Amino acid sequence: MIGKKIKEYRLALKLTGETLSSYAGIKRSYLSQIENEKKIPPMETFMNLVKAIAYLSPITIDNEYEVLTEDGYEEFSKLLKVDIEYIQSDIPRYSINVYHGKTIIYSDTEEIDKEDFDDPYIPSKADVLDEIISEKYFSWRSDISEYNLLELEQHKDKFPLAYHDENVIQSLFIWWQNTILGDIFYTATGDIEDDDDKKIELNDNELDLIFQIGALRNQSGEFAVDEKDDTTNFSKELLDGRTIIFDLRSIHDKNIKLLLDGSILSAKELEMLNVSLGAIRYARLDK
């Protein structure tokens with residue numbers, strides 16, 4: 001199931017196996033084995049694949065309102081330099097160049113109507129940012145989803161100016177990463193059926209990987225892959241045959257998070273567990 005999902009995302013982006021494996025830092029043959037369900041990748045390799053896919057995935061109708069925001073544009077516009085030049089000639093005109101760093105992200109030249117020669121309209125820098133650049137920052141077309149971000153240079157006219165905003169790129173990456181992990185995790189923990197309506201059984205390696213994915217979820221239900229904390233997840237690989245003794249009296253310690261099926265236990269669920277522990281203690285007294 002996991003390999004098939006990876007392949008679905010790769011094909012949706014129209015990426016070759018060679019390209020995705022290169023970005024994930026693995027061999028093409030190994031990716032093929034993963035996609036064909038012959039190999040279950042370790043967590044690190046799996047996350048490298050997810051991150052590679054997320055890195056190459058574009059703005060779509062599903063995420064545009066989350067990654068393209070007014071506040072984001074306001075911060076981005078502060079980084080732009082706008083040059084407006086009036087050109088006096090037989091046909092007066094003005095040119096506009098907008099720079100992001102040393103890169104020109106917008107350029108245009110407009111002729112001035114003869115009727116306006118005596119009092120020509122020339123937009124101010126604020127007009128350019130509030131009207132022209134703003135529209136091109138938020139604009140997108142439904143066929144953007146046909147391209148991956150490797151094709152940005154070849155199809156600049158298809159991409160909004162927001163792709164020059166590093167904060168948008170980061171937000172887009174996080175959105176895709178969370179979406180891909182959620183898709184795989186919730187598919188695996190639901191009632192999975194194949195094309196013949198037969199339930200799919202996950203093997204031990206797949207189940208272990210799904211558990212590790214679930215352990216990434218925070219209390220908001222998002223997969224907080226890059227949260228920097230002192231969390232230790234006792235997976236099979238981490239235990240490596242060792243026995244861990246855990247004192248259940250410490251379940252209410254603020255630094256301990258208990259998981260069930262990949263979800264952190266809520267305060268109410270912890271109290272239910274505490275009641276069960278109390279029942280166990282009571283039963284021991286009768287022995």
Side-chain angles (χ1 to χ4, degrees), residues 1-60 62-63 66-67 145 147-153 163 166-189 192 200 202-218 220-240 259 262-263:
M1 186 281 296
I2 294 172
K4 289 180 179 179
K5 281 290 185 183
I6 294 294
K7 186 174 183 178
E8 285 177 13
Y9 281 103
R10 178 176 67 79
L11 294 179
L13 286 172
K14 298 181 180 178
L15 292 172
T16 65
E18 191 67 39
T19 298
L20 180 57
S21 60
S22 175
Y23 271 79
I26 61 176
K27 293 182 178 180
R28 172 67 183 91
S29 57
Y30 186 31
L31 174 61
S32 179
Q33 290 178 312
I34 292 172
E35 290 186 344
N36 292 316
E37 307 286 332
K38 295 179 180 179
K39 293 277 189 180
I40 305 301
M43 184 64 172
E44 182 179 357
T45 301
F46 169 76
M47 285 305 306
N48 286 341
L49 284 165
V50 170
K51 289 180 178 181
I53 293 169
Y55 177 75
L56 298 172
S57 295
I59 298 171
T60 69
D62 295 318
N63 57 39
E66 293 188 45
V67 301
S145 59
Y147 304 99
N148 59 64
L149 298 194
L150 289 177
E151 300 172 301
L152 177 60
E153 289 300 317
Y163 281 100
E166 293 180 2
N167 289 326
V168 166
I169 295 299
Q170 180 64 16
S171 297
L172 185 62
F173 171 80
I174 292 172
W175 187 93
W176 275 110
Q177 182 175 254
N178 193 64
T179 298
I180 295 167
L181 291 173
D183 180 20
I184 292 174
F185 177 76
Y186 293 119
T187 299
T189 55
I192 313 168
I200 300 174
L202 301 178
N203 61 42
D204 289 344
N205 289 333
E206 284 183 303
L207 287 172
D208 184 61
L209 182 55
I210 292 301
F211 174 80
Q212 292 182 72
I213 296 171
L216 296 174
R217 287 194 303 169
N218 58 27
S220 299
E222 297 179 344
F223 294 84
V225 176
D226 297 316
E227 282 191 354
K228 302 299 183 182
D229 59 14
D230 295 323
T231 299
T232 299
N233 175 30
F234 289 106
S235 62
K236 289 182 180 179
E237 287 80 5
L238 184 61
L239 289 174
D240 193 25
L259 301 177
S263 298

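Being a predicted model, the structure only gives us computed values, none of them experimental.
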Which atom names give the shortest non-hydrogen contact between [X] and [Y], and what distance separates them?
{"X": "P41", "Y": "Y30", "result": "CA-OH, 3.7 Å"}
{"X": "M1", "Y": "E37", "result": "N-OE1, 2.8 Å"}
{"X": "W176", "Y": "T60", "result": "CZ2-CG2, 3.9 Å"}
{"X": "I59", "Y": "Y163", "result": "N-OH, 2.7 Å"}
{"X": "L56", "Y": "L13", "result": "O-CD2, 3.8 Å"}
{"X": "T19", "Y": "L15", "result": "CG2-CD2, 4.0 Å"}

So, the side chain of N36 versus the backbone of K38: is there a donor-acceptor pair under 3.5 Å, distance only?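 A pair under 3.5 Å: no.
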
Is S171 reaching over with its side chain to a backbone N or O of N167, donor-acceptor style, under 3.5 angstrom?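 Checking the backbone N and O of N167 against the side chain of S171, a donor-acceptor pair under 3.5 Å is found.
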
For N48 and I26, what are the C-alpha separation, side-chain angles and deciding distance, and is it a side-chain contact (heavy atoms from CB on, under 4.5 Å)? CA-CA 9 Å; N48 286 341; I26 61 176; 5.8 Å; no

By side chain to side chain contact (heavy atoms under 4.5 Å, CB included), which residues pair with Y55, not counting sequence neighbours?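 Scan of Y55 (side chain to side chain contact (heavy atoms under 4.5 Å, CB included), adjacent residues dropped) gives Y23, F173.
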
To the nearest 0.5 Å, tell me how far [X] [atom1] sits from [Y] [atom2].
{"X": "T179", "Y": "F223", "atom1": "OG1", "atom2": "CZ", "result": "10.0 Å"}
{"X": "K39", "Y": "T45", "atom1": "NZ", "atom2": "OG1", "result": "11.5 Å"}
{"X": "K4", "Y": "I184", "atom1": "NZ", "atom2": "CD1", "result": "13.5 Å"}
{"X": "E222", "Y": "I174", "atom1": "CD", "atom2": "CD1", "result": "9.0 Å"}
{"X": "Q177", "Y": "I180", "atom1": "CD", "atom2": "CD1", "result": "8.0 Å"}
{"X": "L31", "Y": "I6", "atom1": "CG", "atom2": "CD1", "result": "8.0 Å"}

Set of residues satisfying salt bridge (charged side-chain N to carboxylate O under 4.0 Å, His left out) with respect to K7, sequence neighbours excluded: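 Per chain and number, K7 pairs via salt bridge (charged side-chain N to carboxylate O under 4.0 Å, His left out) with no residue.
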
For D62, salt bridge (charged side-chain N to carboxylate O under 4.0 Å, His left out) partners two or more places apart: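 Here no residue qualifies.
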
Under 4.5 Å between any side-chain heavy atoms of F46 and I213, yes or no?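 SC-SC contact between F46 and I213 confirmed.
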
Show, in sequence, the C-alpha distance, side-chain angles and deciding distance for D208 and Q212, and conclude whether the side chain to side chain donor-acceptor pair (under 3.5 Å) test is met. CA-CA 6 Å; D208 184 61; Q212 292 182 72; 3.0 Å; yes

In this structure, are over 12 heavy atoms from other groups packed under 6.0 Å from K5 atom NZ?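 Check passes, neighbour count above 12.
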
Salt bridge between E35 and R10, side-chain N to carboxylate O under 4.0 Å?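 Salt bridge between E35 and R10, a charged N being under 4.0 Å from a carboxylate O: yes.
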
